[in-house]
Number of protein chains: 2
Amino acid sequence: MTGAAVVDVVLADDHPVVRTGLRAVLEAEPDVRVVAEVGSAEELLARLRGGLRADVVLLDLQFGPGRLGGVDAVREIVATDGPAVLVVTTYDADADILAAVEAGARGYLLKDAPTHELVAAVRAAAAGEVALGPAVQRRLLGRLRSPGTALTARELEVLALVAEGRTNDEIAHALFLSRATVKTHLVHVYDKLGAPSRTAAVAEARRRGLLRG
Amino acid sequence: MTGAAVVDVVLADDHPVVRTGLRAVLEAEPDVRVVAEVGSAEELLARLRGGLRADVVLLDLQFGPGRLGGVDAVREIVATDGPAVLVVTTYDADADILAAVEAGARGYLLKDAPTHELVAAVRAAAAGEVALGPAVQRRLLGRLRSPGTALTARELEVLALVAEGRTNDEIAHALFLSRATVKTHLVHVYDKLGAPSRTAAVAEARRRGLLRG
DNA sequence: GCCGGCATCGTCCGAACGGTCGATGCCCGG
DNA sequence: CCGGGCATCGACCGTTCGGACGATGCCGGC
């Protein structure tokens with residue numbers, strides 16, 4: 001980082017109200033300075049390519065449809081050796097968290113985090129540390145503690161097709177399996193998710209962030 | 001309304017950052033005053049029952065799991081002749097919009113709305129007018145233009161429960177209907193969405209933005 | 001006043017689904 | 001080498017679901 005005592009922050013969120021809130025919270029700290037606000041991932045990358053200097057980027061993962069995803073932005077920023085990326089998003093879905101961390105995010109916070117956590121995370125990210133919110137930490141630990149509960153790749157593949165509305169027969173054809181195998185996979189999925197039916201399994205998987213969307 | 005020139009506003013949102021943002025935006029207006037902030041629907045109702053006076057409530061529909069839903073809060077506030085309710089939420093799903101409006105919300109805005117729209121909506125709601133954001137208006141107009149194709153509120157209600165993984169019997173009990181009626185609604189849904197099954201209908205509805213998620 | 005859309009309820013039946021038992025083969029780790 | 005997780009397949013049976021009828025009542029528009 002700059003070595004200076006002041007942390008320069010860029011806010012990247014498509015909600016003006018959230019940006020205002022983040023700015024208000026951060027500027028209450030004497031050692032934090034908001035140097036820019038952007039409303040899309042494209043704008044963020046453009047500004048960084050244009051020479052914008054910062055220590056930390058507060059990045060929302062969800063932007064409007066049809067645009068560049070937040071995770072792609074993380075990958076790009078990390079690849080170009082840009083500022084530390086602190087993901088601040090609404091959802092604590094496993095898929096999002098894993099994708100962001102894998103892409104190189106320095107931290108992952110939820111928007112419902114208290115303000116002091118937010119500020120602490122910004123300072124930590126600027127200092128080169130990793131900053132995961134308590135809720136996020138709990139989620140990651142939960143995954144490690146219960147490896148037998150996680151769906152296998154094959155089971156997830158089947159479940160994804162179920163979520164698209166395919167019938168067991170269609171899934172069997174799509175994956176070159178017999179109906180019996182599809183059913184077996186689904187039985188395991190129901191067991192692991194504690195769901196009594198295919199629709200319930202899809203709902204639960206969505207809730208846990210195992211499926212995109 | 002108080003008849004005074006100043007609009008008293010209550011902020012109800014479980015995200016501290018969003019509350020801060022809303023407060024900052026609104027307090028920049030001389031004729032708007034934020035008289036309270038709450039982080040849950042229960043707290044909101046408790047404060048109102050406790051004598052909190054306000055002209056407008058800015059209410060998020062999504063609160064943490066296990067809690068009272070935002071729509072229930074709307075119903076309760078309207079039933080007790082409380083302040084005007086302005087829903088400010090993240091999603092523009094038909095299900096949410098229809099449910100909130102039906103429950104008696106005075107307006108419906110998205111969180112990605114520019115700040116001037118937000119302020120205008122607060123003033124409109126305080127003046128007894130209805131305030132729907134442009135994106136919300138577009139959605140409702142789209143429904144009017146294609147009346148034969150759009151799902152009715154009841155059909156959407158049933159479909160939402162299907163999306164949660166409920167069985168027809170459970171849905172029937174939840175909505176005080178017979179299984180036959182639930183099935184009839186679903187047949188209409190399948191017909192309108194061109195879906196051959198419940199899971200396919202849910203997938204298609206998600207694709208079209210009829211369900212949140 | 002009548003017609004059409006909406007919501008409600010009922011029955012019958014075939015197809016899809018879920019639950020339970022079984023089996024085989026593979027590969028990895030103790 | 002042997003147990004266990006994973007993937008694959010088969011058969012049986014009860015339940016749920018979907019499809020196709022019909023029926024009633026309400027409301028709003030022509």
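By convention in this document, chain letters (A, B, ...) are assigned in the order of the sequence lines, proteins followed by strands, and residues within each chain are numbered from 1.
Looking at heavy atoms from C-beta onward, A/L159 lies out of side-chain contact with A/L210 at the 4.5 angstrom threshold. In this structure, B/V35 and B/V10 have side chains that are in contact, with non-hydrogen atoms separated by less than 4.5 Å. The shortest distance between side-chain heavy atoms of A/L86 and A/L59 does not fall below 4.5 Å.
To the nearest angstrom, P of C/dA15 lies 20 Å from CZ of B/R198. Here the C1' atom of nucleotide D/dC6 and the CG atom of A/D191 are 15 Å apart, to the nearest Å. Protein atom NE2 of A/H185 is 13 Å distant from nucleotide atom C1' of D/dG5, rounded to whole Å. To the nearest angstrom, P of C/dA7 lies 15 Å from CD1 of B/I171. The separation between A/Y190 atom OH and C/dG18 atom P is 3 Å, rounded to whole Å. In this structure, the CG atom of B/D169 is 11 Å from the C1' atom of D/dC17, given to the nearest Å. One can place CG of B/L186 at 16 Å from C1' of C/dC6, the figure rounded to the nearest angstrom. The separation between A/H173 atom NE2 and D/dC9 atom P is 12 Å, rounded to whole Å.
For the pair B/K183 and B/S178, nearest-nucleotide mapping onto DNA chain C gives the more 5' position to B/S178. Each of A/V187 and B/A180 has a nearest nucleotide on DNA chain C; the 5'-most of these lies closest to B/A180.
Nearest nucleotide to the B/L177 side chain, out of C/dT8, C/dC6, D/dG18: C/dT8. In this structure, the nucleotide among C/dC9, D/dC17, C/dA7 sitting nearest to the side chain of B/T167 is D/dC17. For A/T181, counting side-chain heavy atoms from C-beta on, the closest listed nucleotide (D/dG10, D/dG18, D/dT8) is D/dT8. Comparing C/dG18, D/dC6, C/dA7 by their closest approach to the side chain of A/N168 singles out C/dG18.
Of the residues listed (B/D169, B/N168, B/T184, B/T167), the one engaging B/R179 in a side chain to side chain donor-acceptor pair (under 3.5 Å) is B/D169, and it is the only one.
Between A/D60 and A/K111 there is a salt bridge, since a side-chain N of the basic residue sits under 4.0 Å from a carboxylate O of the acidic one. Between B/D8 and B/R33, at least one side-chain nitrogen of the basic residue sits less than 4.0 Å from a carboxylate oxygen of the acidic one, meeting the salt-bridge criterion.
Within 4.0 Å of A/R179, counting heavy atoms only, lies no atom of the nucleic acid at all.
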With the criterion being N/O to N/O and under 3.5 Å, what pairs connect the protein with nucleotides 22-27 of chain C, and how long is each?
none

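Considering every non-hydrogen atom in both B/I77 and B/P83, the closest pair reads CG2-O, 3.5 Å.
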